[in-house]
2 protein chains.
Amino acid sequence: MTTGGPPTVETIAERAGVSIASVSRVLNGHGARPETVRRVERAAAEVGYVANAVARSLKGGRTKQLTFAMQDIGNPVYVEMVRQIQTITKAQGYRLLLHSTDAVAEDELAVVRSLADRTSDGLILCPIRITPEHIEALRTAAQPVVVIGSLPDDAPVDSVRADSVTGAELAVRHLAGTGRRRIAFINGPADTVPGRNRRLGYRRALDACGLPADPLLTVTTEFTIEAGARSVEALLERDAAPGDGLDAVFCANDQLALGASQALHSRGLRIPEDVAVAGMDDTVLVRACWPPLTSVDLGSAERGRIAAEMLLERIAGQGPPVPPRVRTVTPRLVVRASSAPGASAPGGAADGEVTS
Amino acid sequence: MTTGGPPTVETIAERAGVSIASVSRVLNGHGARPETVRRVERAAAEVGYVANAVARSLKGGRTKQLTFAMQDIGNPVYVEMVRQIQTITKAQGYRLLLHSTDAVAEDELAVVRSLADRTSDGLILCPIRITPEHIEALRTAAQPVVVIGSLPDDAPVDSVRADSVTGAELAVRHLAGTGRRRIAFINGPADTVPGRNRRLGYRRALDACGLPADPLLTVTTEFTIEAGARSVEALLERDAAPGDGLDAVFCANDQLALGASQALHSRGLRIPEDVAVAGMDDTVLVRACWPPLTSVDLGSAERGRIAAEMLLERIAGQGPPVPPRVRTVTPRLVVRASSAPGASAPGGAADGEVTS
DNA sequence: CTGAAAGCGCTAACAG
DNA sequence: CTGTTAGCGCTTTCAG
């Protein structure tokens, strides 16, 4: 007998005068006599029946939920990823669970381990650092995981990475190509994968262009707008001593570049006439800068999309087990007004360069 | 007998030589003989047992999940809300389900109706428009809902609203107070609640300051950066005909204000010397603008926090049923460089004004 | 303090 | 084509 709670298959069965099995079959389109179908559908509509997803999950072993875990949704890069992931998962009938780890490694591990509670069918993780514990947790993860980021070669899960070495190289070569000689570099934490890679790209580009690597031109800080501004202040002060000023600032992400632009404005320096500026990630912030910011698109949206697709493939998981896959997204330099040639010589276009 | 799948209470029971009931009791801290506790905990640790949350939900009728639905996570206002909501829900052991409706009313209704599938224990909804269908859906919602936005007085659910009438008024009075006379208004869609309210505030402030309401000074458009830029272009062209130029632009949100700032820059107009600019929402974009943008903080973060708290209270739901509550967050004008007095007279500080 | 057993709502095997 | 029944993994009476 049906009680006062929400309608269940039993409620419908009673009303339609059939068994709960028939209710389930009709509702899942598994075929039944037209008369049965009619009665069940009518009864379901009358009481406004909606199947209990939890019960269905318990039976089926799938929740139709995916988890996306990143440091902080305040970063536009993650916002872009969330959007892409959401679009794809929604189209396939999955719900999206959001988890901010606040860059706490402990919390990242907890997310991976909590896959064992069967709350979601898979995880897309953006780790900030990869420790041996991360690898171990990934190896024993209870559900498929796709990592957005750079993993060691023998890592046990699928991953999508940006090529930020090449990305940084593109930007710095472009700056050099437009006649800049004293190219400062504002980087994020050096002990993170992005930090290391971007520095490497910067160095390589300087070498390739025959520019000296002046340590006084590099600042290492956090990935924030404020840090970008402070770093420019620091650079300009240092600069007072060693001699000829900097004529370009390459920033390891757009937030830094935005802060840098503002600090340059405050100091009365013109962009790009006096100092060119370039960032990375090509987020919405590029249009927030004035002049619009040259930036390297590291494919946040694409990485999000690919990660979602890989994860769904893993979940579908038919056929023989596929070994971990690594996908790399090609960076793309987007040139805007902030890096137009300055007072000195103009320069030509380099590889992978695009104008927007 | 336990099969090859993930460990269950049965696995533990066998290993520990007790019943599944004892396993459950120990794992939930319901007390047992020390010896029993020891054996269960040991067995659980050995196999790395993690309780299946789905089964637990089915039994308990609660999923420990909350849903947050808004138009588009690309809007910084929602990002701020998500952050707050996440902080609170996480602290209480809830997971957060994100749902972007893309401002499709149909989709909003679907979210409310889908509460019946018991996937989450409650919903925080940011509707863009409120139709009678919305009200009806809310009345019959299967789980508690809190709306962030302005609902009719007899609406059947809790809500938190911004006071954007007062907010707009604050901003416009401030602009007038610093000597601006021709204050343009770039608004979002007029058929939305925010659009209507902000226009009302603008009008009221003009009246209060004895300024004429020139229809040529108002543009109605979408809430985007590009729309802000286009609107300024349109205003400047119109302006060519009627005579003396505008000396301030009040924008219905920060995205519009950012676009407006950029268009003004492009036209060679100086901010704030030639034209003052003010926005609304006080998002991260205020620091992206140059000069930093005066904006009205409508309390996005606070609204998110309050909504989460109200929802959790409803879910706890002890005692007699509480009638729907409405909370209003007080707006706060944050004055920055974009609205410093221009070529003309300076002005004093108005009520609710803050300098940042 | 412990075990047996019911049951959350659903789907799917198995008979009929 | 349809009904009966088992069972997903867990918590919670109810006896003992």
Side-chain angles (χ1 to χ4, degrees), chain A residues 1-41 43-44 47-64 114-119 121 142-143, chain B residues 1-41 43-44 47-64 114-119 121 142-143:
Chain A
M1 173 223 64
T2 297
T3 62
T8 69
V9 276
E10 199 187 343
T11 319
I12 312 296
E14 283 172 5
R15 259 183 165 262
V18 298
S19 72
I20 61 169
S22 287
V23 173
S24 176
R25 276 190 290 258
V26 170
L27 263 23
N28 292 291
H30 288 193
R33 189 165 39 132
E35 170 65 8
T36 308
V37 172
R38 209 182 51 73
R39 293 168 67 174
V40 169
E41 285 179 343
V47 301
Y49 174 78
V50 177
N52 181 321
V54 176
R56 194 172 264 174
S57 293
L58 180 59
K59 183 94 248 267
R62 304 233 138 153
T63 56
K64 282 290 202 169
S114 79
L115 283 170
D117 76 6
R118 256 67 200 174
T119 282
D121 297 341
Q143 305 270 358
Chain B
M1 174 223 64
T2 297
T3 62
T8 69
V9 276
E10 199 186 343
T11 319
I12 312 296
E14 284 172 6
R15 260 182 166 263
V18 299
S19 72
I20 62 170
S22 287
V23 173
S24 175
R25 277 190 289 258
V26 170
L27 264 24
N28 291 290
H30 287 191
R33 191 165 35 133
E35 169 64 8
T36 308
V37 172
R38 208 183 50 72
R39 294 168 66 175
V40 169
E41 284 178 343
V47 300
Y49 173 78
V50 177
N52 181 319
V54 176
R56 194 172 262 175
S57 292
L58 180 59
K59 185 95 250 269
R62 302 234 142 149
T63 55
K64 282 287 201 172
S114 79
L115 283 170
D117 76 7
R118 256 69 199 175
T119 282
D121 297 341
Q143 304 271 359

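In what follows, every chain begins at residue 1, and chains take the letters A, B, ... in the order their sequences are listed. From a predicted model like this one, the values you see are computed outputs, not experimental measurements.
- Ser22(A) comes within 4.0 angstrom of the backbone, heavy atoms only, and of no base.
- When every heavy atom of Ser19(B) is checked against every heavy atom of Ala13(B), the shortest pair comes out as C-CB, 3.9 Å.
- Between the CD1 atom of Ile12(A) and the P atom of dG3(D) there is a distance of 15 Å, given to the nearest Å.
- Between the Arg25(B) side chain and the His30(B) main chain, no donor and acceptor come within less than 3.5 Å of each other.
- Only Asn28(A), His30(A), listed by number, bring a heavy atom of residues 26-41 of chain A to less than 4.0 angstrom from any atom of DNA chain C.
- Under the rule for a side-chain contact (heavy atoms from CB on, under 4.5 Å), the partners of Val37(A) that lie at least two apart in sequence or sit in another chain are Val26(A), Ala32(A), Glu41(A).
- Of the candidate nucleotides dT4(D), dC10(D), dC8(D), dT4(D) has the atom lying nearest to any side-chain atom of Ala21(A).
- Along DNA chain C, the nucleotide closest to Val18(B) and the one closest to Ala55(B) are compared, and the more 5′ of them pairs with Val18(B).
- With a 4.5 Å cut-off on side-chain heavy atoms, Gln143(A) and Thr63(A) do not count as touching.
- To the nearest angstrom, P of dC8(D) lies 8 Å from CD of Glu10(B).
- Ile12(B) approaches Val40(B) most closely through the heavy-atom pair CG2-O, 3.9 Å.
- Using a 4.5 Å heavy-atom threshold, the side chains of Leu27(B) and Tyr49(B) count as touching.
- No side-chain heavy atom of Asn52(B) sits less than 4.5 Å from a side-chain heavy atom of Thr8(B).
- The distance from atom CD1 of Ile20(B) to atom CD of Glu14(B), rounded to the nearest 0.5 Å, is 10.5 Å.
- The shortest side-chain heavy-atom distance between Pro7(A) and Arg15(A) does not fall under the 4.5 Å cut-off.
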Name the pairs: protein N/O against N/O of nucleotides 14-16 of chain D, kept only if under 3.5 Å.
none

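- Nucleotides of DNA chain C that come within less than 4.0 Å of any heavy atom of chain B span, from the 5' end to the 3' end, dC1(C) to dG9(C).
- Of the inter-residue distances, the one linking Ser57(A) atom OG with Arg118(B) atom CZ reads 14.5 Å to the nearest 0.5 angstrom.
- For the pair Thr119(A) and Ala53(B), the tightest heavy-atom approach, listed with the atom from each and the gap, is OG1-CB, 3.5 Å.
- When side chains are defined from C-beta on, Arg56(A) does not count as touching Lys59(A), because their heavy atoms never get closer than 4.5 Å.
- Comparing atom distances between the Val9(B) side chain and each of dC10(D), dT11(D), dT2(D) picks out dC10(D) as nearest.
- Taking atom NZ of residue Lys59(A) and atom C1' of nucleotide dA6(D), one finds them 8 Å apart after rounding to whole Å.
- Between dG3(D), dG9(D), dC10(D), one nucleotide has an atom nearer to the side chain of Leu58(A) than all others, and that is dG9(D).
- Bending across the helix from dC1(C)-dG16(D) to dG16(C)-dC1(D), expressed as the angle between its end axes from five pairs apiece, amounts to 50° (10° rounding).
- Evaluation of the side-chain contact (heavy atoms from CB on, under 4.5 Å) rule for Ser114(B) yields Asp117(B) as partners, not counting sequence neighbours.
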